[in-house]
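Input: a single structure, listed below in C-alpha cells.
Numbered from 1 within each chain, the chains take letters A, B, ... in sequence-line order.
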Amino acid sequence: MLTSGPRGTHDITPNEAKNWLRIEAAARTICSLYHYGEIRTPIFEHTELFLRGIGETTDVVQKEMYTFTDRGGRSVTLRPENTAAVVRSYLEQKLGADGQTAKLFYIGPMFRYDRPQAGRLRQFHQFGIEAIGPTGPSVDAEIIAVAVRYFESLGLSSLKLMINSVGCPKCRPQYRVVLQDFLRDKQPDLCHDCQSRFERNPMRILDCKEEKCNRLSADAPQMVDCLCEECAAHFSGLQQFLQAAGIEYTLNPRLVRGLDYYTKTAFEIQYPLLGAQSAVCGGGRYDGLIEECGGPATPGIGFAIGMERVLLAMEKQQLLPPAQDEVPVWVIPMAPEATLPAFGLLNQLRGLGICADMDHSGRSMKSQMKQANRVNAKYVAIFGETELQTNQVTLKNMTIGEQTMLPLATALNQLKQELNG
RNA sequence: GUGACUGUGGUGAAGUGGUUAACACGGCGGAUUGUGGUUCCGUUAUGCGUGGGUUCGAUCCCCAUCAGUCACCCCA
C-alpha cells in the first residue's frame, strides 16, 4: 500500500514534532548538566556486533532483528539498541585513550521486528547514556540520577524506580544452579513458557506473570543473597549513593534484564499507567561487554529511555498542551495584482526576523482573514486597490480590531518595533 | 510468532442486501460589491481499507489480505 507506512512505524507530524523537540531538548540539557557528550553512531552495524554484544539466545537477537545482506554480501542489522554500537565506536574511535571515563549520550531510532502494541513500535526512539571506564557504584548512582532527573524535568510523577543486582560471571552461574535445583521438582507445574525458560534463562521464571509460577517461585533463593563479595559490596554501595542523592528506590529481587551483557546493577523505571509496556527506562552495568567486543577489559554502565513511552506518559499526565500555530503577521493580497507588493513585504518582514506568511491559493478576503485568525496573527497587512495606488499598506491590529493605512516603510518600522523587541 | 476486537469523507461518526451514503465539526463560496473570531445560506465521499467470492444486485453476507487497537511474548 503506497499510502501507508510500514507496519509499526509512525510519522511524526509538525504538531507532534514540537513535543519531540521538547523532550529531546530536555535530554540534552540534562546531559550537559551531568557532563555527557553526544555520540551519533550509524543506524546499522555488522550483524556480528549485536550477536556478540546482546547475546545469541536473547529474544532481541533471535526474532526481533532487522537483518539483511547488503550488495557486498555482508550481513548488516538495523540497530535494535545502541549500547553495543556505542561500545564499538568507543573502541574504534579510541574514546578511552585519554584515560578518562567516556561519558556519552545518544538520541535516535532503534528497530525491532515485533508485533506493535501500546508503547511498542518497530521503529522507536531511545535516549540513552553510557559511562565507560569507571567501576565504582557512584557512577551507577549517577546514571540512575540522570534518568530520574530527566523525568522530573519533564514534570512526570508517580514513576517507580526498581533496582537489583544480577551478579557477575563469578556468582551468577552458581546462583543459576542453586535456582535450578530449587525449581527442578516444580518444573512440571510451571507454565509452558517457564518450562522452556528453565534451561535457557531460569532467572526469567522469577519475572513470570503467571500466578502459579509466582506461587511456585515465591520462596526461591534470590540473586541478592547469592552475590559474591565484590558484587554484594557494589550493590550495597550503590544503595548508599542513591540514599545520599535522595533518590527513592524499590528493591526488586526479581528484576531481570533481557540482554546478556548486564552484570551487577540492573534497574528499571516504570510508569504503571502505561499498561503492559510500562517500562520507560531500563539499564544496568555491563562489565563484560567491552571485552566481548574485542577491547580491553573495561567496565561500563548505561540506560535507555523509550521516547515514545515518555510521550505517552506525558500525555497521560496532560503535560502536552495542544499545539498552537503562531504567525505574528499575516499578509493579504486582495487581488492578483497585489501579490507582488505583498510578497515583497513578506520578504522584508522575514529579513527582519519576523515570522510572517500569506495565502498562495488566491482565496477570498474573508477566507484570508480567517486564516490570519487561525494562526493567531497579531497583525494583518492588507494590500487592496487603494493601497496599491498610493504605495501604502493597511495594518490591522487583530487584538483590538483597529486598522490604519500607512506608507510601507512606516508599517515595516512599526512592526519591527512591536514584534522584534 | 499467537489471540481478541476494529477498518465508512480532513475529523468524529450514523447507516441499509436494491434509485441521489444521515448528522456534526472542519474546509471552501456567499449574505449591497475590501476584512477575522458570532449568526445564516450554499457547497464539500466517482464512494464505504484492498482483492476475490455469494447474489439479479453488496458499503452492509463469506473468504483472503493489509492496517489499526489491545493482550500474550519480549522490552524502551
Side-chain angles (χ1 to χ4, degrees), chain A residues 1-10 54 58-65 79-83 106-128 147 191-194 196-197 201 204 207-210 255-259 262 267-271 274-284 302-313 330 332-335 338 359 361-388 394-403 405:
Chain A
M1 200 42 154
L2 284 176
T3 52
S4 66
R7 183 162 209 197
T9 62
H10 176 72
I54 299 172
T58 58
D59 277 29
V60 169
V61 165
Q62 285 196 332
K63 47 187 211 196
E64 294 173 6
M65 295 214 300
R79 60 185 187 190
E81 59 96 46
N82 210 26
T83 299
Y106 59 85
I107 300 174
M110 307 295 158
F111 306 83
R112 254 120 102 160
Y113 188 90
D114 214 342
R115 195 86 179 255
Q117 80 182 73
R120 191 171 75 185
L121 291 166
R122 289 183 175 178
Q123 177 175 171
F124 60 104
H125 298 76
Q126 288 187 333
F127 153 44
C191 75
H192 180 76
D193 287 324
C194 283
S196 73
R197 288 199 263 245
N201 191 352
R204 271 242 107 76
D207 210 22
C208 184
K209 284 172 189 161
E210 289 283 333
L255 178 67
V256 182
R257 303 272 75 213
L259 315 180
Y262 284 112
F267 66 94
E268 186 168 308
I269 299 177
Q270 291 196 350
Y271 190 82
L274 286 188
Q277 311 298 327
S278 61
V280 288
C281 172
F303 71 61
I305 287 173
M307 297 301 251
E308 280 81 0
R309 291 184 187 177
V310 167
L311 252 12
L312 285 175
W330 195 260
I332 299 183
M334 288 184 56
D359 170 62
S361 316
R363 300 198 171 163
S364 69
M365 173 79 188
K366 180 170 181 164
S367 189
Q368 294 187 72
M369 287 301 291
K370 279 178 143 185
Q371 291 177 322
N373 209 244
R374 231 174 273 144
V375 300
N376 300 297
K378 296 200 171 55
Y379 287 93
V380 163
I382 302 165
F383 286 90
E385 226 172 290
T386 325
E387 287 86 349
L388 281 185
T394 293
L395 213 55
K396 175 163 185 172
N397 181 322
M398 292 296 275
T399 39
I400 57 178
E402 281 170 11
Q403 65 183 54
M405 206 185 291

Could you give the distance separating [M] and [N] at their [atom1] atoms, to the nearest angstrom?
{"N": "rG47(B)", "M": "rU8(B)", "atom1": "C1'", "value": "9 Å"}
{"N": "rG15(B)", "M": "rC48(B)", "atom1": "C1'", "value": "11 Å"}
{"N": "rG7(B)", "M": "rU50(B)", "atom1": "P", "value": "14 Å"}
{"N": "rC75(B)", "M": "rG12(B)", "atom1": "C1'", "value": "34 Å"}
{"N": "rU59(B)", "M": "rC70(B)", "atom1": "C1'", "value": "26 Å"}
{"N": "rG29(B)", "M": "rG36(B)", "atom1": "P", "value": "13 Å"}
{"N": "rC62(B)", "M": "rU6(B)", "atom1": "P", "value": "11 Å"}
{"N": "rA67(B)", "M": "rC74(B)", "atom1": "P", "value": "24 Å"}

Where does RNA chain B form stems of at least three consecutive Watson-Crick or G-U wobble pairs, each pair having both distances below 3.5 Å?
->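 So far as stems of 3 or more pairs are concerned, RNA chain B shows B:1-7 with B:66-72, B:10-12 with B:23-25, B:26-31 with B:39-44, B:49-53 with B:61-65.
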
Contacts of type salt bridge (charged side-chain N to carboxylate O under 4.0 Å, His left out), residue R115(A), not counting sequence neighbours |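 Result, salt bridge (charged side-chain N to carboxylate O under 4.0 Å, His left out) vs R115(A): none returned.
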
Got a sec, which residues hit salt bridge (charged side-chain N to carboxylate O under 4.0 Å, His left out) with K63(A), two or more places apart in sequence or on another chain?
->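 Only D59(A) meet the salt bridge (charged side-chain N to carboxylate O under 4.0 Å, His left out) criterion with K63(A).
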
When you check the phosphate oxygens OP1 and OP2 of rU69(B), does a side-chain N or O of R7(A) lie under 4.0 Å from one of them?
->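 No, no such contact exists.
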
Contacts of type side-chain hydrogen bond (donor to acceptor under 3.5 Å, both in side chains), residue [X], not counting sequence neighbours:
{"X": "E308(A)", "value": "H125(A)"}
{"X": "R309(A)", "value": "Q277(A)"}
{"X": "Y379(A)", "value": "E418(A)"}

Which is true for G362(A) with a 4.0 Å heavy-atom rule: it touches a base, it touches only sugar-phosphate, or it touches nothing?
->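 Nothing: the residue G362(A), judged by heavy atoms under 4.0 Å, touches no strand.
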
Where is the tightest heavy-atom contact between P109(A) and Q123(A), given as atom of each residue plus distance?
->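 Closest approach of P109(A) to Q123(A), heavy atoms only: CB-OE1, 3.3 Å.
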
Apply side-chain contact (heavy atoms from CB on, under 4.5 Å) to N376(A) and list each qualifying residue two or more places apart in sequence or on a separate chain.
->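 Listed in chain order: Q324(A), E326(A).
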
Residues that R374(A) engages under side-chain contact (heavy atoms from CB on, under 4.5 Å), provided they are two or more places apart |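 R374(A) satisfies side-chain contact (heavy atoms from CB on, under 4.5 Å) with K370(A), Q371(A) only.
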
Under a 4.0 Å heavy-atom criterion, the protein footprint on nucleotides 71-76 of chain B, written with B, S and -, is BBBBBB

What string of B, S and - do you get for nucleotides 34-39 of chain B, 5' to 3', if B is base contact, S is sugar-phosphate-only contact and - is no contact with any protein heavy atom under 4.0 Å?
-> BBBS--

So which pairs with a foot in residues 116-127 of chain A pass salt bridge (charged side-chain N to carboxylate O under 4.0 Å, His left out), sequence neighbours left out?
->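 The answer is D114(A)-R120(A).
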
May I ask you to check whether Q403(A) and T394(A) show a side-chain donor-acceptor distance below 3.5 Å?
->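 Side-chain D/A pair, Q403(A) to T394(A): absent.
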
5' precedence on RNA chain B between S367(A) and Y113(A) (nearest-nucleotide basis) =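 Result: Y113(A).
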
Using ring pair (Phe, Tyr, Trp, His ring centres under 6.0 Å) as the criterion, list what pairs up with Y271(A), not counting sequence neighbours.
->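 For Y271(A) there are no ring pair (Phe, Tyr, Trp, His ring centres under 6.0 Å) partners, ignoring immediate neighbours.
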
